[in-house]
Amino acid sequence: MLGLTALELARIQFAFTVSFHIIFPAISIGLASFLAVLEWRWLKTKDPVYQDLFKFWVKIFAVAFGMGVVSGVVMSYQFGTNWSEFSRVAGSVTGPLLTYEVLSAFFLEAGFLGIMLFGWGRVGPRAHFFATAMVAVGTCISMFWILSSNSWMQTPQGFSIENGIIVPQDWFAIVFNPSFPYRLAHMAAAAFLVSALLVASTAGWHLLKGRRDALVKKSFSMAMWMILILAPLQVIIGDNHGLNTLKHQPAKLAAIEGHWETNKGEGMPLYLFGIPDMEAEETKYAIGIPNLGSLIMTHSMDGEVNGLKEFAKEDRPNSLVVFWSFRIMVGLGVLMILLALFALVLRKGGKLYENKWLHRFAFVMGPSGFIALLAGWFTTEVGRQPWVVYGVMRTKDALSPVSAEQVGLTLIIFVVVYCVVFGIGIYYMLKLMHKGPEFIHASPEGIVHSEEAVILASKRPLSTVEESLDVDANTQNSNEQERK
């Protein structure tokens with residue numbers, strides 16, 4: 001297929017499916033915690049605005065959660081179809097870790113998800129909050145085990161090799177491998193940022209359209225506080241993660257920096273722009289800041305950092321890919337910080353809900369969390385190449401005995417099915433966000449609805465409004481003006 005080998009097609013297929021999959025769990029992880037906070041605030045303050053926001057965002061969460069489960073199941077099958085040698089050699093480590101994820105996280109989520117979605121009016125408020133909190137905890141536990149498995153592939157330890165098979169020796173060392181704490185913190189912050197930007201973008205859209213009710217204002221305010229905390233924190237986490245990568249995966253770091261020659265007696269520059277050429281072994285058209293690379297990587301102006309030429313050609317990751325995927329991630333992170341600071345300045349001046357430039361900025365930044373997440377994931381996974389288990393098993397040795405035609409056919413099927421199925425799901429989520437949160441338990445004037453109306457709404461968690469999703473936004477705004 002297009003002259004590509006079975007190995008190349010299998011890698012493309014896995015990259016395609018994991019790119020779809022990682023988006024939905026990121027939404028689920030962030031929104032589950034956001035929903036828990038909203039319900040906690042409602043229990044504490046009895047302000048129905050928090051309850052109405054919960055009703056709105058739980059619909060987005062439910063769709064994302066469902067698509068995340070489906071995409072995850074499909075992705076896991078590839079370990080048996082395309083990567084059976086990996087499963088044969090390393091399955092004694094990765095298999096149990098993924099099993100722990102199912103036993104401890106998926107069962108927890110599944111056990112309380114029904115109460116969270118359909119429990120309003122059927123269980124007590126505190127019992128419902130407990131269910132929501134358990135779902136949020138379950139998503140984080142799931143992230144814990146998935147990141148532990150993937151981090152072990154990046155920095156493997158706690159095992160021996162017997163007859164060509166990886167045999168676990170120390171499960172504590174396997175689970176808490178050297179890169180795991182940094183990658184777990186990095187992914188958690190990324191997931192929360194994804195959801196915070198999603199909430200901010202949705203609220204920014206409705207602020208641009210003229211809505212100024214409590215639901216939109218509260219969403220926008222909470223999201224901006226979250227971004228203000230998380231975006232700078234992510235920089236600190238990323239810096240420590242980089243130091244860990246320098247120690248355990250120096251070839252990956254050299255590729256990320258487009259750094260070919262080991263700097264001896266002088267500082268390493270930080271390249272802002274360049275085009276790494278793997279054949280010529282140089283970064284062409286490089287524009288850099290002298291000594292800044294050494295300062296960031298070693299916290300010293302002239303710290304020594306190994307260049308890619310220190311590693312055999314067959315052990316080098318593709319510098320062109322990771323050089324730019326890393327810079328896309330960092331660039332978007334800088335924009336997130338600027339967005340949060342812009343909002344903070346306007347908040348101090350009492351213009352948080354009136355400045356249209358901020359609202360446009362927030363709306364446009366909505367997809368940035370997903371893009372940065374994918375860029376970071378590409379940096380991590382491509383930077384690990386040519387190893388599937390770093391320094392232990394090469395990716396080419398993990399491939400199943402399949403032909404390029406077989407993998408190419410399934411890749412085409414995946415692309416078609418994913419675009420249709422998940423395209424519909426994403427479209428539905430966008431329509432929900434376009435419609436925006438609506439008052440269910442209280443009106444804009446603060447009037448609490450009857451208990452019957454509350455219970456009726458609670459029975460329809462994915463569609464708590466009577467109107468069609470295709471209601472014209474102008475009609476909705478005019479109706480709200482009449483209620484005011």
Side-chain angles (χ1 to χ4, degrees), residues 14-34 60-61 63-65 67-69 71-72 75 136 139-140 142-151 153-154 179-180 182-202 223 226-227 229-242 245 252 256 321-340 362-384 418 422 425-426 429-430 433:
F14 197 84
F16 176 79
T17 53
V18 77
S19 294
F20 265 91
H21 173 66
I22 196 174
I23 289 174
F24 302 118
I27 298 174
S28 300
I29 293 167
L31 283 187
S33 296
F34 180 53
I60 311 296
F61 168 84
V63 177
F65 185 88
M67 291 193 290
V69 171
S71 60
M75 189 180 69
T139 60
C140 292
S142 179
M143 176 176 59
F144 177 95
W145 290 115
I146 295 296
L147 264 295
S148 176
S149 176
N150 186 268
S151 297
M153 294 164 64
Q154 300 277 347
S179 65
F180 171 63
Y182 305 98
R183 300 182 76 246
L184 177 64
H186 203 48
M187 181 63 194
F192 293 141
L193 275 171
V194 162
S195 296
L197 288 160
L198 195 66
V199 174
S201 180
T202 302
M226 189 59 123
I227 298 170
I229 295 170
L230 286 175
L233 178 62
Q234 187 72 305
V235 174
I236 298 173
I237 296 171
D239 177 62
N240 284 277
H241 190 189
T245 303
K252 176 193 286 189
I256 289 173
V321 175
V322 297
F323 181 91
W324 281 108
S325 60
F326 179 79
R327 277 150 184 78
I328 290 172
M329 177 186 68
V330 172
L332 289 174
V334 172
L335 289 177
M336 293 173 197
I337 294 175
L338 292 177
L339 171 64
F363 172 67
V364 171
M365 286 292 289
S368 66
F370 301 107
I371 298 171
L373 178 68
L374 289 174
W377 195 254
F378 290 158
T379 302
T380 293
E381 298 306 303
V382 176
R384 183 183 60 199
Y418 269 50
F422 295 115
I426 293 171
M429 291 171 63
L430 291 174
M433 289 184 281

Please list every donor-acceptor pair under 3.5 Å in which a side-chain atom of residues 183-193 meets a protein atom from a residue at least two apart or in another chain.
from   : atom 1 : to     : atom 2 : distance (Å)
Arg183 : NH1    : Asn150 : OD1    : 3.0
Arg183 : NH1    : Ser151 : OG     : 2.8
Arg183 : NH2    : Asn150 : OD1    : 2.7
His186 : ND1    : Gln234 : OE1    : 3.0

Between Ser148 and Phe144, is there a donor-acceptor pair closer than 3.5 Å when you use the side chain of the first and the backbone of the second?
-> no
Distance-only check: which donor-acceptor pairs under 3.5 Å involve side-chain atoms of residues 25-32, not counting sequence neighbours?
from  : atom 1 : to    : atom 2 : distance (Å)
Ser28 : OG     : Phe24 : O      : 3.0

Here the side-chain hydrogen bond (donor to acceptor under 3.5 Å, both in side chains) pairs for residues 329-339, sequence neighbours left out, are none
What one should report as the nearest heavy-atom pair of Gly425 and Met67 is CA-SD, 3.6 Å
Step by step, work out the side-chain contact (heavy atoms from CB on, under 4.5 Å) result for Trp377 and Ser325.
-> CA-CA 9 Å; Trp377 195 254; Ser325 60; over 6 Å; no
Is there a side-chain contact between Phe370 and Leu198 (heavy atoms, below 4.5 Å)?
-> yes
Do Lys252 and Thr380 have side-chain heavy atoms sitting under 4.5 Å apart?
-> yes
Leu335 and Ser368, any side-chain heavy atoms less than 4.5 Å apart | no
Under 3.5 Å: donor-acceptor pair, side chain of Arg327, backbone of Phe323 = yes
Side chain proximity check, Ile60 to Thr202, heavy atoms < 4.5 angstrom | no
Is there a donor-acceptor pair under 3.5 Å between the side chain of His21 and the backbone N or O of Gly72?
-> yes
Any Ile23 side-chain heavy atom under 4.5 Å of Leu374 side chain = yes
